[in-house]
Amino acid sequence: MLEITKQELLIARRNMWVATSVALMALFSVVLSLAGSAPTGTLGVNPLIIAVTSITTLSVYFVPLVGLLLSFDAISGEKERGTLALSLTYPLSRAEILLGKFLAHFLVLAFAIGVGLLLVALIAIFKHGGVNMSFIPLLKLFFTSLALGATFLGIGYLVSSMVSQPSVASGLAIVIWLVCVVLYDIALLGALVADNGGFFTKVIFPWLLVANPADAFRLLNMPDITNDVLSSGLNNAGVVTGRLGQIISLFLWPVLALFFAWVALKKVKT
Amino acid sequence: MNALIIEKASKQYNEVKSLDCVSLEIAQGKVLALLGHNGAGKTTLIKMILGLTPLSSGKIDVFGATPGSNTARSFTSYLPENVAFHASLTGREQMRHFAALKGESKKTADELLEKVGLTHAMNRRIGTYSKGMRQRIGLAQALLGRPKLALLDEPTSGLDPISRHEFYDIIKEMSENGTAVIISSHALTEVESRTDKIAILSQGKLVANDSLEILRKSANLPIRFDIKTKAKNNKKIASDLGGKSINGHAIELFCQQDKKIELLEQISSFGNKIDDIDINPPSLEELYRHYSAQKQEGEKC
């Protein structure tokens with residue numbers, strides 16, 4: 001299994017995936033932490049909060065995208081090239097192939113996110129000095145980003161196993177990304193407006209919101225203060241499902257996604 | 001000892017029987033050529049032996065192990081048809097990866113690359129390789145772990161004659177080391193002298209399975225004589241021998257195997273009126289066509 005991981009890391013490095021995702025993540029983190037603190041000046045309680053809030057908003061779009069981009073080719077590409085059949089004639093199980101690839105892509109993600117957030121921390125220390133600064137929001141952002149990324153890696157493998165061409169897999173991946181991080185929220189918003197504070201808003205909506213890993217991620221990382229100010233609708237949802245619901249959603253998703261990817265991979269005929 | 005025993009293996013996709021009651025055996029150290037048209041079931045059979053495709057009915061036994069089991073996989077190797085390795089890895093990286101999966105050292109990987117003649121290119125990306133070079137990597141990985149059974153699906157398709165020759169030399173060396181080798185092929189003439197047994201699949205049925213010698217005998221195809229004569233004698237000799245005159249210089253004549261010597265004596269009695277003779281035993285193409293045409297002769301389940 002680790003041999004597969006090694007191989008995939010090599011490919012990711014060679015294909016510039018590592019470089020690209022690290023560069024993007026670093027760029028956005030730096031820009032947001034420099035620009036994000038400009039309007040508040042030095043008055044904020046914890047300057048990191050501002051940066052974390054901006055980066056959370058960005059990560060909701062960016063992390064799932066990178067996850068899907070890393071994973072859509074993983075199985076379908078090997079199917080098309082004929083190397084999947086060959087790999088399966090080696091003493092290697094399908095679960096090992098999947099987990100090996102997952103581990104490699106997960107490490108790439110972790111590296112990219114880690115570098116980005118490290119830069120955020122360094123910039124904050126440089127600008128405000130390390131005193132009175134809590135790095136917990138940053139750590140929370142790191143681990144929740146990883147869970148979010150892992151979910152979309154798993155979804156990417158699932159799609160990749162179900163289709164036979166990488167081009168189809170990439171198209172589907174983009175559609176899934178669009179639905180999960182953009183259309184889902186718009187649809188919920190539309191429903192909220194139509195419902196006008198009724199049963200849907202109070203009971204169903206919070207659960208639907210938290211069921212989407214991207215929204216659970218957003219809720220978890222939005223600090224409570226800004227939560228009130230920025231999103232009175234989300235606040236209500238946060239109360240009903242609670243932190244626990246959000247955490248369960250965010251960390252159950254990667255497990256489920258990987259499990260279904262494994263089921264799909266088992267059904268692949270070579 | 002038999003490396004592989006296939007008993008009445010069948011594969012049915014929906015209504016179509018892509019493999020119908022095929023029984024086949026191959027002994028250690030032997031080379032078997034698996035011939036057939038496109039879609040005759042060659043690749044299906046190979047994938048069944050590898051455990052990639054489940055059988056609809058029948059049984060396959062690889063040195064006593066079930067196809068696809070870890071035991072069977074550990075001593076079986078495979079060269080897929082049209083395999084394309086990851087373009088951004090170098091030949092050496094790809095080979096070392098496969099070696100690690102088979103529990104072989106990096107040194108073995110390098111040695112095998114040398115054996116297939118890729119040492120000069122092993123640090124280049126596979127994306128820059130020619131078809132022949134990619135095929136050589138495929139062969140090199142099939143040599144890993146000293147397999148007891150090697151399944152090579154169209155190994156020489158798209159290769160130049162010299163590369164083919166080298167391929168068959170390596171395959172011969174494998175079989176001398178005790179590996180049972182199955183080669184599926186379209187290129188009939190090259191398997192002719194290089195295989196111990198020939199199995200012919202036609203529409204999913206096994207229509208022939210024997211040594212070339214025995215297949216020749218039982219097909220009982222005629223031997224073709226091509227005789228060259230002077231123009232003035234051509235017609236006369238043709239009618240005396242019962243052959244067909246071709247463009248005034250040549251005669252084409254067919255005879256059965258057991259009449260060959262008799263006919264030769266008859267021809268030599270013409271003395272110097274004959275310029276030249278070519279004797280052509282039935283070619284593999286003809287044999288192949290003969291057996292492929294016998295659709296219903298396969299074993300009944």
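Throughout, a chain's letter reflects where its sequence line sits, starting with A, and its residues are numbered from 1.
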**Q** Do other residues, nucleotides or ligands put more than 12 heavy atoms under 6.0 Å from the CD atom of E114(B)?
**A**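 No.
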**Q** Which atoms of E81(B) come close to chain A, meaning under 4.5 Å heavy atom to heavy atom: side chain ones, backbone ones, both, or neither?
**A**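 Neither part.
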**Q** If I compare all heavy atoms of Y90(A) with all of K102(B), which pair ends up nearest, and what's the gap?
**A** CE2-CG, 3.1 Å
**Q** Considering only heavy atoms and a distance below 4.5 Å, find which of L151(B), V83(B), N82(B), L52(B) pairs most often with chain A.
**A**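 Maximum pair count with chain A is reached by L52(B).
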**Q** Please report the interatomic distance OG(S93(A)) to CG(N70(B)), rounded to the nearest 0.5 Å.
**A**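 If we round to the nearest 0.5 Å, S93(A):OG and N70(B):CG are 8.0 Å apart.
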**Q** Search all heavy atoms of L89(B) against all heavy atoms of I11(A) and return the closest pair with its distance.
**A** CD2-CG1, 3.7 Å
**Q** Any chance you could measure Y13(B), atom OH, to K269(A), atom NZ, to the nearest 0.5 Å?
**A** 8.0 Å
**Q** Less than 4.5 Å to any heavy atom of chain A: does that hold for the side chain of T43(B), its backbone, both, or neither?
**A** neither
**Q** Could you tell me which non-hydrogen atom of L86(A) sits nearest to which non-hydrogen atom of Y78(B), and how far apart they are?
**A** CD1-O, 3.3 Å
**Q** Does CZ in R124(B) sit with more than 12 non-hydrogen atoms of other residues, nucleotides or ligands closer than 6.0 Å?
**A** yes
**Q** Closest heavy-atom contact between R96(B) and E3(A)?
**A** O-OE2, 4.4 Å
**Q** Pick one of side chain, backbone, both or neither for T53(B), based on which atoms fall under 4.5 Å of a heavy atom in chain A.
**A** side chain
**Q** For K266(A), I'd like to know if atom NZ has over 12 heavy atoms of other residues, nucleotides or ligands within 6.0 Å.
**A**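 Atom NZ in K266(A) is not crowded, with 12 or fewer foreign heavy atoms closer than 6.0 Å.
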**Q** Other residues, nucleotides and ligands only: do more than 12 of their heavy atoms fall within 6.0 Å of CZ on F251(A)?
**A** yes
**Q** Count the heavy atoms belonging to other residues, nucleotides or ligands that lie under 6.0 Å from CH2 of W177(A), then report whether that count exceeds 12.
**A** yes
**Q** Any side-chain heavy atom of R125(B) sitting closer than 4.5 Å to one from R14(A)?
**A** yes
**Q** Work out which heavy atom in S74(B) is nearest to a heavy atom in P91(A); give both atom names and the distance.
**A**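 Taking S74(B) first and P91(A) second, the nearest heavy atoms are CA-CG, 4.2 Å.
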**Q** With chain A, which of A100(B), G138(B), A84(B) has the greatest number of heavy-atom pairs at distances under 4.5 Å?
**A**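 Answer, by heavy-atom pair count under 4.5 Å with chain A: A84(B).
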**Q** Within the supplied structure, the quantity of interest is the number of heavy atoms (other residues, nucleotides, ligands) at a distance under 6.0 Å from K140(A) NZ; does it exceed 12?
**A** yes
**Q** Using modelled atom types and a 3.5 Å cut-off, is there a donor and acceptor pairing between side-chain atoms of R73(B) and backbone atoms of T89(A)?
**A** no
**Q** First locate atom NE2 of H86(B), then atom CG of L10(A), and finally report the distance between them rounded to the nearest 0.5 Å.
**A**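 The NE2 atom of H86(B) sits 10.0 Å away from the CG atom of L10(A).
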**Q** Should we say atom CZ of F260(A) is surrounded by more than 12 heavy atoms from elsewhere, each under 6.0 Å from it?
**A** no
**Q** Rounded to the nearest 0.5 Å, what's the gap from NE2 on H97(B) to CD on E8(A)? Could you check?
**A**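 Separation between the atoms: 8.0 Å.
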